[in-house]
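This report concerns only the one structure given below.
Owing to the predicted nature of the structure, the values given are computational and were not obtained by experimental measurement. Ligands are counted one by one from 1 in listed order, and the atoms in each one are counted from 1 as well.
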Amino acid sequence: MPSREVRGVSASRADVLAELGLAPRWVLRHAPVAPADPAGGAPSVSTTASGEGARRARIAALTWDGFAADVAACTACKLCATRKKTVPGTGDPQADWLFVGEAPGAEEDARGEPFVGQAGHLLDAMLAALGLDRARQVYIANVLKCRPPGNRTPEPAEVDACRPYLTRQIELIRPRLIVALGRAAASLLLGTDASIASLRGRVHRHGDLPVVVTYHPAYLLRTLPDKAKAWEDLVFAQTIIAGEAGTTPA
Ligand code: URA
């Protein structure tokens, strides 16, 4: 079994899982498939000549070259007044896996990179256990590109203003699979307010892309027993990427 680097330490997959508190390893026996989610997919971009329509059209035409600068200049919601840095996303622009979280926290706001705090360390450890890292095969983004003060829940107007950026990222990356980390991501990608517990273990769709829903790493830090379920979800996602599980909605 190949060894991996976790926080600078060479570790086998078993070591990584032990660090996650997930030994003995959970084994996927059955891969259920979700029905199509009729509410899935983002709303269409407005083509009116209004300011918002023009903004959405501009974002819909962005390339990677202009993407981060456009986000950095964004003043479409009130979070621009309190952010330190925008956090557009990080990773492989041709990634197979797209992980979508909620919004930057304090450390992400300071550094301009997603998931670099405690929750990010857990996400990195889970990626390592899958043989992945944030620089290769993986892209990490958030529903919001700016930090809500005090890490409060994103407001609907903020989510709506930021939505075109995630939509464009998905179009540019064309990942093989999206992992929705927590409720904000699941709600935006699937158009549902259902609980994470009820959405886990099935393949959903965002447009034509498969989506797997799991718990947010920050939640897992507070709720250790659910770590094993999140690992189960990621192993399930890996079977989809590997083409071992059906992804056609029933
Ligand atoms: N939580 C998130 O949802 N995203 C981050 O980037 C950091 C913490």
Worksheet item: How about Leu144 and Val87: do any of their side-chain heavy atoms sit closer than 4.5 Å?
Response: no

Worksheet item: Is any side-chain heavy atom of Leu79 less than 4.5 Å from a side-chain heavy atom of Arg147?
Response: no

Practice prompt. Run the salt-bridge test on Lys229 and Glu232 with the 4.0 Å N-O cut-off and return the result as yes or no.
Written response: no

Practice prompt. With sequence neighbours excluded, tell me which residues meet side chain to side chain donor-acceptor pair (under 3.5 Å) with Arg55.
Written response: Glu52

Discussion item. Show me, by chain and number, every protein residue that has a heavy-atom distance under 4.0 Å to ligand 1.
Written reply: Gly101, Glu102, Ala103, Glu108, Pro114, Phe115, Asn142, His216

Practice prompt. Would you list the pairs meeting ring pair (Phe, Tyr, Trp, His ring centres under 6.0 Å) in which at least one residue belongs to residues 155-196, sequence neighbours left out?
Written response: Phe67-Tyr165

Item to complete: Output every pair passing side chain to side chain donor-acceptor pair (under 3.5 Å) with a member in residues 93-120, not counting sequence neighbours, ordered by first then second residue.
Response: Glu113-Arg134

